[in-house]
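Here the structure is laid out as C-alpha cells; the discussion comes afterwards.
All chains are named by letter (A, B, ...) in the order of the sequence lines, taking the proteins before the strands, and each is independently numbered beginning at 1. As the structure is a computational prediction, the values presented were derived from the model and not from experiment. Reckoned from all heavy atoms, side chains included, excluding hydrogens, waters and symmetry mates.
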2 protein chains.
Amino acid sequence: MTTINDIAKMANVSRTTVSRVLNNNGYVSESARKRVMQVVEETGYIPSVSAKSLRTKRSGVIGVILPKISTETASRVVGGINEVVSKEGFQILLTDTELHHEKEIEYIRLLQSRHVDGIILLATNVNDPLLHAIEEAKLPFISLGQELPGVTSIVYDDYHAAVDMTTMILQKGHKKIAYIGVGEEDPAVGVLRKKGFMDTMKKAGITVEENWCSYGDFSIESGYESMKQIINSNRENSPTAVFVVTDRMAIGAMEYLKEQGFRIPEDMAITGIGAAVMSKYITPSLTTIDYFNKDAGSKAAELLLEQLQGKNTRKKITQNYRLIKRDSV
Amino acid sequence: MTTINDIAKMANVSRTTVSRVLNNNGYVSESARKRVMQVVEETGYIPSVSAKSLRTKRSGVIGVILPKISTETASRVVGGINEVVSKEGFQILLTDTELHHEKEIEYIRLLQSRHVDGIILLATNVNDPLLHAIEEAKLPFISLGQELPGVTSIVYDDYHAAVDMTTMILQKGHKKIAYIGVGEEDPAVGVLRKKGFMDTMKKAGITVEENWCSYGDFSIESGYESMKQIINSNRENSPTAVFVVTDRMAIGAMEYLKEQGFRIPEDMAITGIGAAVMSKYITPSLTTIDYFNKDAGSKAAELLLEQLQGKNTRKKITQNYRLIKRDSV
DNA sequence: AATGGGTGTGTAATCGATTACACAAATGGA
DNA sequence: TCCATTTGTGTAATCGATTACACACCCATT
C-alpha cells in the first residue's frame, strides 16, 4: 500500500504539502502541486479514509437504518437518499433491523462507532430507550416516517391521507366500511391512519363495528387472512367496502375477494395506501395514495446535509401526498 | 468522546488491558476484566472503528455496488447479503451507479479507500477497464449476475432458463413467437437470454423474423413500447406469443395488449423472467422464472466471507432457477 | 533449590492521515 | 530602504486503537 509518505518522498516534498495538494487548502506552489499530482497519478495512490477520519472525526458516511431493505418503500427511500448524498461525496452505510425493534438502538450505537456523520432512521415504533439512544449519539439525526419528539422528522401525512381516502369512499355512497390495519406499536401506520379513518366515519355518523376491523403485519398474506376473517365473521351483514392501510395488504385482500367470487368494486370496494408499482397493474387497478417515498428520502438527506453544515434545522416536515383514484372503488 | 485511555484510567489498568478485555484475547485476570467491563458499561464507551481499522487494516465493512437500488431484484439481493454478513458483524456500504457504467470503476476505488474488506458487484456489463480495476483493488471480490473472468462469479443460468421457457412456449403449440429483450452490452440479460431463446427456436426449425424482435431498457414503459412496435409492424402476420426477458417489461407489454383488447393467453401468450412479486398478482398471472435473488445474495456473501478467511475459492457458481407456470401462456 | 512454563500487566511503537506552529523567501507599499 | 504581508514549505504532535516485547509473579516438577 502506498501511503502519503511514499508520495511525499517520490515528489520530493513533505507529507504536509501532499496533504495540502490533495485537500486543496493552504499555499502550494504550482511546481510542487504538479509534481505531487504526477506521482499520485502514476502510483494510483488512494488515501486511507480510516486515518483521515481518525484525525478529522468525519467519515463521509451516513448511516441508514431500515426496518426491512427488500421492501418497495424502503428501497425507494434509499434511492432518494443516495441520489442526494452521493452527489456530495457521501456514502451510505446500510443497516437492516429485519423488523426487530431492539436492533434500532443497537445499530445507532454501531453507526456511532463507525463515525458516521449522520443517521437517517426509518422507525417503525417509538419508545423511550430509542429516544435516549438518539440523544446519546449526539449526531445529526433524521427520522423518516415517524415523528420522534426532539428529532428532526419527516413524516407522511398519515392522518389526512386516511381522512381523504375515507371521505372519498363515503362519497361513493358506501356506509358499511371495513378496516384492515396494523398493530398500534406503529404510531404512523397503526395509529394515525386508523384515527383518520375512524374520525371520518364518526363525523359521518357511522359507527364502525368491532368485527369489521382486522389487523395484519404488512405482508400480502396477512391482508388475505384479514379479509377472510372479516368476510367470515360478517356473513349476514357484510361491509361493501374495505379501507386497507397498505397496498400490499390490500393486494392480499383483493386476492381473497377474487377467489371468493366478489366483484371489485361492485360487490366490494377496496383501497390501499402507498402507491406500490403493483397497484397500478393489478386488476382492477387499486385506488391508493402516493406518498412520494423517493422525494421523502431525498428531503431527509438534504436536511441531514444541512445539519452537517451546522444549520440547526430541528423541525418537523410533513410530506405531501396524492390520492390516486383508480378502478377498485 | 471517551476513549480507551479514559477507560484505562478509570479502571486503573493500562489501555492494553482494556483492549484485551474488549477483544477477548490474551490473559486478563478476572478482577481486571470486571473493573473494565464495569467502567465500559457506565460510560457507554464505544471504540473508534477508524482507529481500529487504521491499525488492523480491516474495517468490518463490505462494499456493495448496485446498478440501481430501487429495484426489486437489487433489494432482494441486498437483503440476502445483509442477512449473512450482519450475522458476522459486518456492515454494508452501499453504492449505486444509477446505471452509469463508468461509476462501477469509480466506486471500486472509492470502496478501496474506505478499506472495505471485500466487494460484491452486481455488474450490468463487462469491459477491460472494469476487470483491471478489480485486479488492482486486490480485494476479495464477488461478481453477481454476470460472469467476470478471473473473478469469483455467481451467475444465474440465463441460457438454460431461456431455453426452458422457450421450450415450454413451443410445447403449448406456438410457432410464431416474438421477442422483447435488452441491449447486448448486458452479457447476461441481453446476450445469454436471447441466445437461449434463439437457439431453441432454431432447433425447433423456426426462424425468428427480424421485426418480431424489439428492445427495451428494463422499464415497464419500454416493455409497453416494444410490444406496441411489434404489434404495429406485424399487422397481417402477428405472433401468437411473446418471450420477454424481464417481468417488468412483460408487465408493460401486457398493459399494451390489454389496452388493445388482446386476450391473454388466448390471443397472445406472454412470459417474463425474474419472478417479481407483481407477476403473481397481475391478471392473468404471469408465467415467469424465479432466480432466487435473495439466495444468490446470501451465497455471494458467504463466498465473500470465505475469501476473507483466506480460503481461496475462486470459482463460478451457477444459481439454479425454477419455472413458474401460471396463466399468461 | 533451581528451572521452566503458564498468567497477568504495562511500555511504547505503530497505523496514515491532518494541522498548529515556525520559519524563510518573495512581494509590495510607504 | 524598511517593514508588513503574502506565499510556500517543513517539523512534529495528534487522533484512538492494536500488539510485539519485556517483565514479574506463581506454581509444579526435577
Mind checking if B:Val49 touches a base, just sugar-phosphate, or nothing, with heavy atoms under 4.0 Å?
nothing
With heavy atoms under 4.0 Å as the rule, sort A:Thr3 into base, sugar-phosphate or nothing.
sugar-phosphate
Tell me whether the side-chain N/O atoms of B:Ser19 come closer than 4.0 Å to OP1 or OP2 in D:dT18.
yes
B:Lys57 vs C:dG16: side-chain N/O to OP1/OP2 distance below 4.0 Å:
yes
Do any side-chain nitrogens or oxygens of A:Ser29 fall under 4.0 Å of OP1 or OP2 in D:dT7?
no
Let's test your reading of the model: under 3.5 Å, does the base of C:dT19 pair with the side chain of A:Arg55 as donor and acceptor?
no
Distance, rounded to the nearest Å, where A:Ile7 contributes CD1 and C:dT18 contributes C1'
16 Å
Here the distance between atom C1' of D:dG8 and atom CD of A:Glu30, to the nearest Å, is 13 Å
note: B:Leu54, atom CG; D:dT18, atom P; distance rounded to Å ~ 11 Å
Polar pair under 3.5 Å, donor/acceptor by atom type, side chain A:Arg20, base D:dG10:
yes
Value in whole Å for how far the C1' atom of D:dT11 lies from CG of A:Asn5
13 Å
side-chain contact (heavy atoms from CB on, under 4.5 Å) between A:Asp186 and A:Phe218: does it pass, once the steps are laid out?
CA-CA 11 Å; A:Asp186 187 319; A:Phe218 290 91; 3.6 Å; yes
Given atom CD1 of B:Ile4 and atom P of D:dG16, what is their separation to the nearest angstrom?
11 Å
Distance below 4.0 Å between A:Ser14 side-chain N/O and D:dT9 OP1 or OP2
no
Check the distance between D:dG10's P and A:Arg35's CZ and give it to me in whole angstrom.
8 Å
Contacts of B:Arg15 and B:Asn12 projected onto DNA chain C by closest heavy atom; the upstream (5') one is B:Asn12
Is there a donor on the side chain of A:Thr16 or the base of C:dT19 sitting less than 3.5 Å from an acceptor on the other?
yes
Give a yes/no answer on whether the side chain of B:Thr17 brings an N or O atom under 4.0 Å of OP1 or OP2 in C:dG10.
yes
How long is the span from the CD atom in A:Gln309 to the CG atom in A:Leu305, to the nearest 0.5 Å?
6.5 Å
Under 3.5 Å, is there a donor-acceptor pair linking the side chains of A:Ser75 and B:Ser75?
no
Given C:dT7, is OP1 or OP2 found less than 4.0 Å from the side-chain N or O atoms of B:Tyr27?
yes
Charged N to carboxylate O under 4.0 angstrom, A:Glu83 versus A:Lys87?
no
Rounded to the nearest angstrom, tell me the gap between atom OH in B:Tyr45 and atom P in D:dG16.
10 Å
To the nearest Å, how far apart are A:Asn24 CG and C:dT19 C1'?
16 Å
Distance, nearest 0.5 Å, that separates CD1 of A:Ile142 from CD of A:Glu306:
8.5 Å
